[in-house]
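The model shown is predicted, which means the values in this text are computed figures rather than measured ones.
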Amino acid sequence: MGAFLRDARIEANLSQAALADELGFDRRVLQRIEAGEPTLYITRVFALLARLHLRLEVRGDGVPGPPPAPASDPTMPPWSITDRPAATHL
């Protein structure tokens with residue numbers, strides 16, 4: 001994931017410092033993410049995805065810059081979880 005994000009940042013012609021500043025966190029945080037340094041949170045998220053037989057899918061839209069919000073629901077995050085049947089009850 002870190003290498004994928006690093007490549008996307010480079011393709012968008014952004015430095016680590018510029019991107020981190022835009023996102024409001026320290027450049028060292030971005031550096032650690034791009035290096036693939038695991039954190040307790042992300043490690044547990046991926047464990048949950050694996051246990052529940054879910055797949056996290058990350059796709060670029062081919063357009064540099066921030067991803068557009070989905071037209072159907074602007075509150076939805078720019079990622080999707082696939083390969084799981086939709087719930088038919090609550």
Show me the donor-acceptor pairs, under 3.5 Å and distance only, between side chains in residues 38-49 and residues at least two apart or in other chains.
residue, atom, partner, partner atom, Å
T39, OG1, I42, N, 3.2
T43, OG1, T39, O, 2.7

Inset, instruction - With sequence neighbours left out, write down each residue that passes salt bridge (Lys or Arg N to Asp or Glu O under 4.0 Å) with D21, or none if nothing qualifies. - result: none
Legend entry - Rounded distance [0.5 Å steps], CE in M1 versus CD1 in I33: 10.5 Å
Inset, instruction - State which residues pass side chain to side chain donor-acceptor pair (under 3.5 Å) with Q31; sequence neighbours excluded, sorted by chain then number. - result: none
Could you pull out every donor-acceptor pair under 3.5 Å between side chains of residues 2-10 and any protein atom, sequence neighbours left out?
residue, atom, partner, partner atom, Å
R9, NE, E34, OE2, 2.5
R9, NH1, L14, O, 2.8
R9, NH2, E34, OE1, 3.0

Inset, instruction - Could you tell me which residues satisfy side chain to side chain donor-acceptor pair (under 3.5 Å) with R32, sequence neighbours excluded, listed by chain and number? - result: E37
Inset, instruction - List in chain and number order the residues that pass side-chain contact (heavy atoms from CB on, under 4.5 Å) with A17, two or more places apart in sequence or in another chain; answer none if no residue qualifies. - result: S15, R27
Legend entry - Residues in side chain to side chain donor-acceptor pair (under 3.5 Å) contact with R51, at least two apart in sequence or another chain: none
